[in-house]
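Below is one structure, written out as structure tokens; the observations come after it.
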Amino acid sequence: NFIINSPPKFVQILGAITTAIKLKLYLILWYNINWGESTMKKELRKKFIIERNKLSEAYRDYASTKIFSIIENNELFKLAGKVFIYVGFGSEIATLPFIKKWINKKQIFVPKIDNNTMNLVHITSLKELTEGHFGVLEPTSCEYFNGNIDLVITPSIVFDKNGYRLGYGKGYYDKYFAKNKYKTSIGLSYDKLLQEKVPVNQYDKNVDIIITEEKTLIINEKNNCNN
């Protein structure tokens, strides 16, 4: 019997080729999964924006008014000193009347995009807002707040019943939530658009509470204090 010992160099080359093939297959699989997920989310965004735009103005006005009435009666809002809230745009749930009402009663913070980062700015008047990115009203000030927030009122194209959101794809709120500098997050949704489930990945973080004009869903039980 002859025992043939493979030359060490040959073994090394074979190992390197095997590793390279595995890496290539992994990258192909990763790309296909992420490309597929990205494409699916893009199509869903288009679909739900069209659906939201088709909601009647009367319904949107009614839902917005009712939702903020529910928020105002929520103990978490009553106790909140610092509130971070988006400035409504297009067919989103309208926030400007609510901001105007509470701007001198609580510390109100709104988002401003700078260098592809969402920053929080404290405002005391609607006159401090001007048209910014994507035509959304933003504060003119560049004095950014980096402290803790009591309540975050979160926008989305749609939410699902588990508190996950299908946003606009920029990841601003996911990055903000990852910093964990807030006590409670509330997602606002038209009841007609509330979904059973939206696609999520490992970077997505759900909100603590969902409020529609018809119901309040407590996602995180630590907030179950005002049903």
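The figures here come from the full heavy-atom set of this structure, side chains too, leaving out hydrogens, waters and symmetry mates. For clarity, every value in this text was computed on a predicted model and none was experimentally measured.
- A ring pair (Phe, Tyr, Trp, His ring centres under 6.0 Å) check over residues 138-170, counting only residues at least two apart or in different chains, returns the pairs Phe109-Phe145.
- A donor-acceptor contact shorter than 3.5 Å links the side chain of Thr154 to the backbone of Ile186.
- Side-chain N or O atoms of Arg45 include one that pairs as donor or acceptor with a backbone N or O of Gly167 at under 3.5 Å.
- Partners of Asn146 under the side chain to side chain contact (heavy atoms under 4.5 Å, CB included) rule, at least two apart in sequence or in another chain, are Lys181.
- Side-chain N or O atoms of Gln195 include one that pairs as donor or acceptor with a backbone N or O of Leu193 at under 3.5 Å.
- Counting all heavy atoms, side chain and backbone alike, Val87 lies closest to Leu129 at CG2-CD1, 4.4 Å.
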CA sep, side-chain torsions, deciding dist, call: Phe68, Trp102, ring-ring contact (aromatic ring centres under 6.0 Å, His included):
CA-CA 11 Å; Phe68 281 109; Trp102 290 97; over 10 Å; no
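- Residues passing the side chain to side chain donor-acceptor pair (under 3.5 Å) test with Lys78: none are found, sequence neighbours excluded.
- Taken from CD in Gln107 to CD1 in Ile149, the straight-line distance is 8.0 Å, to the nearest 0.5 Å.
- Within 6.0 Å of NZ on Lys170 lie no more than 12 heavy atoms contributed by other residues, nucleotides or ligands.
- Taking the six-membered ring for Trp, Tyr173 and Tyr86 have ring centres at least 6.0 Å apart.
- Counting all heavy atoms, side chain and backbone alike, Lys112 lies closest to Cys142 at NZ-SG, 3.3 Å.
- For the pair Asp150 (side chain) and Gly81 (backbone), a donor-acceptor distance under 3.5 Å is present.
- In this structure, CG in Asp114 is found 9.0 Å from CD in Glu138, a value given to the nearest 0.5 Å.
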